[in-house]
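For this chain, numbers begin at 1 and follow the sequence in order.
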Amino acid sequence: MAWLALIAAIAGVVIHAQAPPGPRVDWDALRPEILQRYRELVQIDTTAGRETHAVEYLKKVLEAEGIPTSTFAMDPARANLVARLKGNGTKRPLLILAHTDVVGVQRDKWPVDPFGAVLKDGYIWGRGTKDDKPVLAANLMTMLLLKRTGVALDRDVIFLAESAEEADTTGVGINFMVREHFPEIDAEFAMTEGGGITIEGGRASRVMIGTAEKLPARVRLVATGTAGHGSVPRLDNPLIHLAAAVEKLGRWEPPMRLNDTTRRYFETLASISPPDMAARYKALLAPATATAAQAYLREHLPGEYSMLRTSVVPTLLTAGVGANVIPSTAEATLDIRALPGEDIQQFYAEMEKVIADPMVKIVPLPQIRPASPASRLDTEMYGALQRVANRLFPGAPVIPSMSTGASDQAQLRAKGIQSYGIGPGATLEDATDYPAHGDLERLAESSLYPFVQFVFEVVTNVAARDR
């Protein structure tokens with residue numbers, strides 16, 4: 001019954017922590033409602049094209065408690081909802097957002113109904129239990145509690161439930177809101193998915209706050225030559241030239257470049273990791289020893305290696321019409337993830353030098369997200385995240401992190417909003433075996449309650465008057 005110990009450990013952290021400034025909330029008494037709201041959201045199938053079902057639920061719950069809402073939809077089936085609690089206007093608003101959509105499921109992989117929010121073995125099972133229904137439920141509960149407790153606010157608190165984060169090919173989600181309705185969500189700070197809490201030995205061991213992300217800047221390599229019979233070798237066979245270019249770029253190591261987020265990230269790991277890993281992280285930060293440390297990360301921790309540089313990963317190959325035909329063209333798709341601040345045109349120019357073959361052309365693919373700077377670590381918002389995390393999860397260092405993936409924070413940061421990513425707690429094993437987007441997805445019930453409290457207290461810390 002390890003999960004019972006985990007519940008007790010996390011609950012103990014919350015119960016025995018010093019009372020925070022702001023409204024007093026009986027968190028134990030709220031557990032049934034938190035669980036109910038969360039399960040109800042998971043039980044709504046919000047795969048692509050069904051997001052409006054979640055909007056209808058949120059609208060009903062919020063307006064029943066006197067919180068007005070507005071709905072914005074480019075596609076009626078994929079609506080976005082905005083709710084706002086007014087402050088006195090002395091400070092610019094705070095935006096809390098979450099996406100309503102979830103990725104699809106293969107039902108034959110699930111031992112339970114993927115939209116049943118089944119409670120089993122101390123976990124809530126279902127699609128979206130990690131991505132992104134915990135943040136959606138926490139934001140909903142935060143709005144309800146702000147209203148119920150009558151918290152006086154120095155800044156408006158805006159809740160955005162957005163559609164199509166997982167796949168916004170037609171621009172109906174955050175792109176639509178930023179392009180057509182930005183005044184409705186304009187804010188000084190934003191908080192959404194993009195971080196997390198690591199649980200080890202039944203307690204929080206680190207709190208990750210997302211402050212930056214890489215930019216998808218995919219390209220297609222196109223090699224051209226002369227078509228012909230497969231029995232006649234040709235020097236201009238495009239497959240040969242493409243294969244050589246793919247190998248060169250796949251083995252290429254662009255320069256390492258740290259920003260404020262990644263430098264702080266690795267510095268913190270150097271101070272908290274076991275001795276062998278601490279030595280590697282320290283070596284990474286020293287120019288004379290960085291090469292060997294990078295090689296270790298490349299082999300053993302590729303996710304952290306990707307944080308060091310703009311990455312180039314071949315993902316698709318397309319060529320040929322028959323086994324006995326030399327094609328006239330061959331193509332490869334490269335998933336490039338650029339560091340914040342990367343001059344992508346200059347990077348493409350460097351790629352051409354690495355390829356060094358006039359028969360292979362680089363064709364950039366359309367970008368669906370804008371380039372965005374990292375969020376600052378010296379803001380009132382980041383300070384609030386640190387203070388609340390230190391109080392609720394004592395002993396767990398707060399670490400800024402850069403996602404090697406992409407999220408809708410990019411659109412917000414590109415508009416000047418300092419945006420920060422958060423997430424509920426999970427063990428390393430659970431994050432690996434039951435991840436977001438995996439065949440199975442689940443969240444420990446014990447992680448849900450302190451996460452909702454964390455979100456509420458961060459919001460009151462940065463938005464409430466007389467903190």
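Between Ser447 and Ala426 the shortest heavy-atom distance is OG-N, 4.4 Å. Considering all non-hydrogen atoms of both residues, Ala223 and Val360 come closest at CB-CG2, 4.1 Å. Residues Leu94 and Ala463 come closest through the heavy atom pair CD2-CB, 4.5 Å. Minimum interatomic distance between Ala396 and Asn390 (heavy atoms only, all atoms of both residues): O-OD1, 4.2 Å. Pro134 and Phe451 make their closest contact through O-CE2, 3.6 Å (heavy atoms, listed as atom of the first residue, atom of the second, distance). The two residues Ser401 and Gly194 come nearest to each other via the heavy atoms OG-O, 4.4 Å.
Side-chain atoms of Thr170 and Asp75, non-hydrogen and from C-beta on, never get closer than 4.5 Å to each other. Looking at heavy atoms from C-beta onward, Leu249 lies in side-chain contact with Val354 at the 4.5 angstrom threshold. The side-chain heavy atoms of Met381 and Val458, taken from C-beta on, include a pair separated by under 4.5 Å.
How far CZ of Phe159 is from CZ of Arg84: 14.0 Å, rounded to the nearest 0.5 Å. Between Ile399 atom CD1 and Ile209 atom CD1 the span is 10.0 Å, to the nearest 0.5 Å. The OG1 atom of Thr129 lies 8.0 Å from the CD1 atom of Ile124; values are rounded to the nearest 0.5 Å. Annotation: the span from Ile326 atom CD1 to Ile240 atom CD1 amounts to 8.0 Å, rounded to 0.5 Å. Atoms CD1 and CE, on Ile362 and Met351 in that order, are 4.0 Å from each other to the nearest 0.5 Å. Here NZ of Lys133 is found 13.5 Å from CG of Leu448. Values are rounded to the nearest 0.5 Å.
When the options Leu97, Asn175, Leu81 are evaluated for a side-chain contact (heavy atoms from CB on, under 4.5 Å) with Glu162, the one that passes is Leu97. With Glu166 as reference, Asp131 is the one residue of Val102, Thr47, Asp131 to meet the side-chain contact (heavy atoms from CB on, under 4.5 Å) rule. Applying salt bridge (charged side-chain N to carboxylate O under 4.0 Å, His left out) to Glu188 and the options Arg376, Lys91, Arg155 leaves one that passes, Arg155.
Looking at residues two or more places apart in sequence or on another chain, you find no ring pair (Phe, Tyr, Trp, His ring centres under 6.0 Å) involving Tyr348. In this structure, the salt bridge (Lys or Arg N to Asp or Glu O under 4.0 Å) partners of Glu253, at least two apart in sequence or on a different chain, are Arg298. Looking at residues two or more places apart in sequence or on another chain, you find a ring pair (Phe, Tyr, Trp, His ring centres under 6.0 Å) between Phe176 and His181. For Arg127, the side chain to side chain donor-acceptor pair (under 3.5 Å) test picks out Glu441, with sequence neighbours left out. For Trp125, the ring pair (Phe, Tyr, Trp, His ring centres under 6.0 Å) criterion is met by Tyr434, not counting sequence neighbours. Every residue was checked against the ring pair (Phe, Tyr, Trp, His ring centres under 6.0 Å) condition with Tyr265, not counting sequence neighbours, and none meets it.
In this structure a side-chain-to-backbone donor-acceptor pair under 3.5 Å is missing from Gln43 to Phe115. Under a 3.5 Å cut-off, the side chain of Thr333 and the backbone N or O of Thr315 do not form any donor-acceptor pair. Between the side chain of Thr52 and the backbone N or O of Ala77, at least one donor-acceptor pair lies under 3.5 Å. A donor-acceptor contact shorter than 3.5 Å is absent between the side chain of Ser163 and the backbone of Asn80. Between the side chain of Ser205 and the main chain of Thr198, a donor-acceptor pair closer than 3.5 Å is present. At distances below 3.5 Å, not a single donor-acceptor pair connects side-chain atoms of Arg280 with backbone N or O atoms of Ala293. Formation of a donor-acceptor pair under 3.5 Å by the Thr46 side chain with backbone atoms of Thr100 is found in this model. For the pair Thr268 (side chain) and Arg264 (backbone), a donor-acceptor distance under 3.5 Å is present. A donor-acceptor contact shorter than 3.5 Å is absent between the side chain of Glu193 and the backbone of Val135. Distance alone, capped at 3.5 Å, places no donor-acceptor pair between the Ser375 side chain and the Gln418 backbone.
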Inset, instruction - I would like to know whether Ile272 and Leu269 meet side chain to side chain contact (heavy atoms under 4.5 Å, CB included); could you show each step before the answer? - result: CA-CA 5 Å; Ile272 66 172; Leu269 291 185; 4.2 Å; yes

Inset, instruction - List the steps, then state whether side-chain hydrogen bond (donor to acceptor under 3.5 Å, both in side chains) holds for Asn259 with Thr262. - result: CA-CA 5 Å; Asn259 55 40; Thr262 51; 3.0 Å; yes

Inset, instruction - Test side chain to side chain contact (heavy atoms under 4.5 Å, CB included) on Leu58 and Thr69 and set out the steps. - result: CA-CA 9 Å; Leu58 295 167; Thr69 68; over 6 Å; no

Inset, instruction - Take Lys353 and Glu350, measure what salt bridge (charged side-chain N to carboxylate O under 4.0 Å, His left out) needs, and give me the verdict at the end. - result: CA-CA 5 Å; Lys353 294 178 183 178; Glu350 291 299 318; 3.4 Å; yes

Inset, instruction - Would you please test Trp110 and Val118 for side chain to side chain contact (heavy atoms under 4.5 Å, CB included) and show each step? - result: CA-CA 11 Å; Trp110 289 76; Val118 173; over 6 Å; no

Inset, instruction - Take Glu180 and Met74, measure what side chain to side chain contact (heavy atoms under 4.5 Å, CB included) needs, and give me the verdict at the end. - result: CA-CA 10 Å; Glu180 302 292 339; Met74 193 172 87; over 6 Å; no

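Between Asp335 and Lys214 there is no salt bridge, since no side-chain nitrogen of the basic residue lies less than 4.0 Å from a carboxylate oxygen of the acidic one.
Every pair passing salt bridge (charged side-chain N to carboxylate O under 4.0 Å, His left out) that includes a residue from residues 98-110 is listed here, sequence neighbours excluded: Arg107-Asp113. Note on residues 224-257: pairs passing ring-ring contact (aromatic ring centres under 6.0 Å, His included), not counting sequence neighbours, are Trp252-Phe347. Applying the salt bridge (charged side-chain N to carboxylate O under 4.0 Å, His left out) test to pairs two or more places apart or on separate chains, none has a residue in residues 283-293. For residues 38-47, the salt bridge (charged side-chain N to carboxylate O under 4.0 Å, His left out) pairs, not counting sequence neighbours, are Asp45-Arg50. Applying the ring-ring contact (aromatic ring centres under 6.0 Å, His included) test to every pair with at least one member in residues 294-342, sequence neighbours left out, gives these pairs: Tyr296-His300.
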Determine all donor-acceptor pairs shorter than 3.5 Å in which one atom belongs to a side chain in residues 363-372; sequence neighbours excluded.
| from | atom 1 | to | atom 2 | distance (Å) |
| --- | --- | --- | --- | --- |
| Arg369 | NE | Ser407 | O | 2.8 |
| Arg369 | NH2 | Asp408 | OD1 | 2.9 |

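Within a 6.0 Å sphere centred on CG of Asp260, heavy atoms belonging to other residues, nucleotides or ligands number 12 at most.
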